[in-house]
Colleague: 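There's a structure below that I have some questions on.
Computed from heavy atoms alone, side chains included, the values below leave out hydrogens, waters and symmetry copies. We count residues from 1, following the sequence as given.
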Amino acid sequence: MSGTRRAQPTPGANAAIASSPWIVVSVGVVVMVVLLFVALGTYRSRGPVGEAFPAPEWTMSLPTLPPTVSRSVTEPPAPVVPGLSPRSTLSPSGAQPAGPGVVPIPVGEGGAGPLPAEPAAPPPAAPTAPKPPATTPAAPAKPPASPAVSGAYRVMNAYDGAFIGEVLVRNESRSHQDWTVRMTFPYAHLVTAWIEGAPQGGISRSGDTWTFTSGVDLSPGASVPLRFHFDQTRATRPTSCTVDGAGCSGLR
């Protein structure tokens, strides 16, 4: 210690420091800030021996997880329906989307938000029944025209399986008319026939049917009796009697 000589403090410097202590404090703060930044930079860049810090082993052994979308703390998780994927866009009922008029975007597909649902197709129009064809009202049926010539049958006399009968022929029209009388008598024998009070006409037979024709035309409103004599008959009235196709009256 005898050979070493201490430096003597400068009286002027000590006096300046003693009179201004904030200079020392400021210098100390600046030095501490610089050291703090140096320590932080060294810790982030290199280790104690000048090499980069290796990544922890537990971070390298973990598998990579798929990206997920964070949910709100107050939003309950959606129930999973059996048979449907958790990422399905169908509602639990399986019939409609999750919201009216909105199609939800599945989780993990990066959708920006719900899209408007496509408008539903209008229901098919109900088939209309074909209209029935228009029908015109049927014209009222005209009453059958009265025959121009009529006939009335009667039995004048009957005895021992024979009889004499008559058909009164009358012209109902306003013009002269000829006439034809047809009568059917099964199993009968005609004895004779004549037109009373008028020229005689013709007589013919076809099986059991007898045909009598006029000798002259009847004038409008006139009448003439056709008489006949039958024997070996089973009845006094024919099974059929017509005058110009119209039935005779008096058969019942």
Side-chain angles (χ1 to χ4, degrees), residues 95-96 100-101 117-252:
Q96 298 294 334
E118 296 182 358
T128 57
K131 296 182 178 180
T135 56
T136 56
K142 295 182 179 180
S146 58
V149 182
S150 63
Y153 183 89
R154 70 169 181 156
V155 176
M156 299 179 64
N157 193 8
Y159 56 94
D160 297 334
F163 75 95
I164 296 174
E166 176 189 272
V167 173
L168 183 62
V169 180
R170 181 178 179 84
N171 184 4
E172 305 287 350
S173 68
R174 297 180 180 182
S175 61
H176 289 72
Q177 299 288 337
D178 60 356
W179 50 268
T180 300
V181 176
R182 286 186 176 87
M183 293 184 296
T184 301
F185 280 99
Y187 311 105
H189 176 257
L190 179 62
V191 177
T192 184
W194 68 98
I195 300 174
E196 187 72 28
Q200 302 302 304
I203 301 175
S204 64
R205 178 182 179 184
S206 176
D208 295 334
T209 300
W210 299 86
T211 301
F212 306 91
T213 58
S214 60
V216 295
D217 295 345
L218 277 175
S219 58
S223 61
V224 65
L226 168 67
R227 294 177 181 173
F228 38 83
H229 179 196
F230 281 93
D231 64 359
Q232 302 175 7
T233 61
R234 298 180 181 179
T236 59
R237 286 177 172 77
T239 58
S240 175
C241 175
T242 61
V243 179
D244 289 348
C248 300
S249 61
L251 292 180
R252 295 182 180 179

Colleague: side-chain contact (heavy atoms from CB on, under 4.5 Å) for D208 and T239? Distances and angles first, verdict last.
Modeller: CA-CA 10 Å; D208 295 334; T239 58; over 6 Å; no

Colleague: List the atom of E196, the atom of V224, and the distance in Å for their closest heavy-atom pair.
Modeller: O-CG2, 3.7 Å

Colleague: Write down the atom of P225, the atom of E166, and the distance for their closest heavy-atom approach.
Modeller: CB-OE1, 3.4 Å

Colleague: Taking all non-hydrogen atoms of both residues into account, name the closest pair between A148 and Q177 and its distance.
Modeller: CB-CD, 4.1 Å

Colleague: Drop me the distance from H229's NE2 to W194's CH2, to the nearest 0.5 angstrom.
Modeller: 8.0 Å

Colleague: Quick one: closest heavy-atom pair of V155 and T236, and the distance?
Modeller: CG2-O, 3.5 Å

Colleague: Looking at G207, is its backbone amide N or carbonyl O close enough to the side chain of R205 to form a donor-acceptor pair, meaning the two atoms are under 3.5 Å apart?
Modeller: yes

Colleague: Without swapping roles, check the side chain of N157 against the backbone of F163 for a donor-acceptor pair under 3.5 Å.
Modeller: no

Colleague: Would you indicate whether the side-chain heavy atoms of P147 and D244 approach each other to under 4.5 Å?
Modeller: no

Colleague: Kindly say whether L218 contributes a backbone atom to a donor-acceptor pair with the side chain of N171 at under 3.5 angstrom?
Modeller: yes

Colleague: Answer yes or no: is there a side-chain heavy-atom contact under 4.5 Å between F212 and V167?
Modeller: no

Colleague: Quick one: are C241 and R182 in side-chain contact, heavy atoms under 4.5 Å?
Modeller: no

Colleague: Rounded to the nearest 0.5 Å, what separates atom CZ in R227 from atom CG in L168?
Modeller: 9.0 Å

Colleague: With a 4.5 Å cut-off on side-chain heavy atoms, are P238 and W210 touching?
Modeller: no

Colleague: Just by modelled atom types, is the I195 backbone N or O under 3.5 Å from a matching donor or acceptor in the Q200 side chain?
Modeller: yes

Colleague: Just by distance, do the side chain of D178 and the backbone of S214 share a donor-acceptor pair under 3.5 Å?
Modeller: no

Colleague: Check the side chains of T209 and T184 for a donor-acceptor pair under 3.5 angstrom, ignoring hydrogens and angles.
Modeller: yes

Colleague: So, applying side-chain contact (heavy atoms from CB on, under 4.5 Å) with L226, which one of V243, T213, V181 is it?
Modeller: V181

Colleague: On a heavy-atom basis, which atom in R237 and which in G250 lie closest, and how many Å separate them?
Modeller: NE-O, 3.8 Å

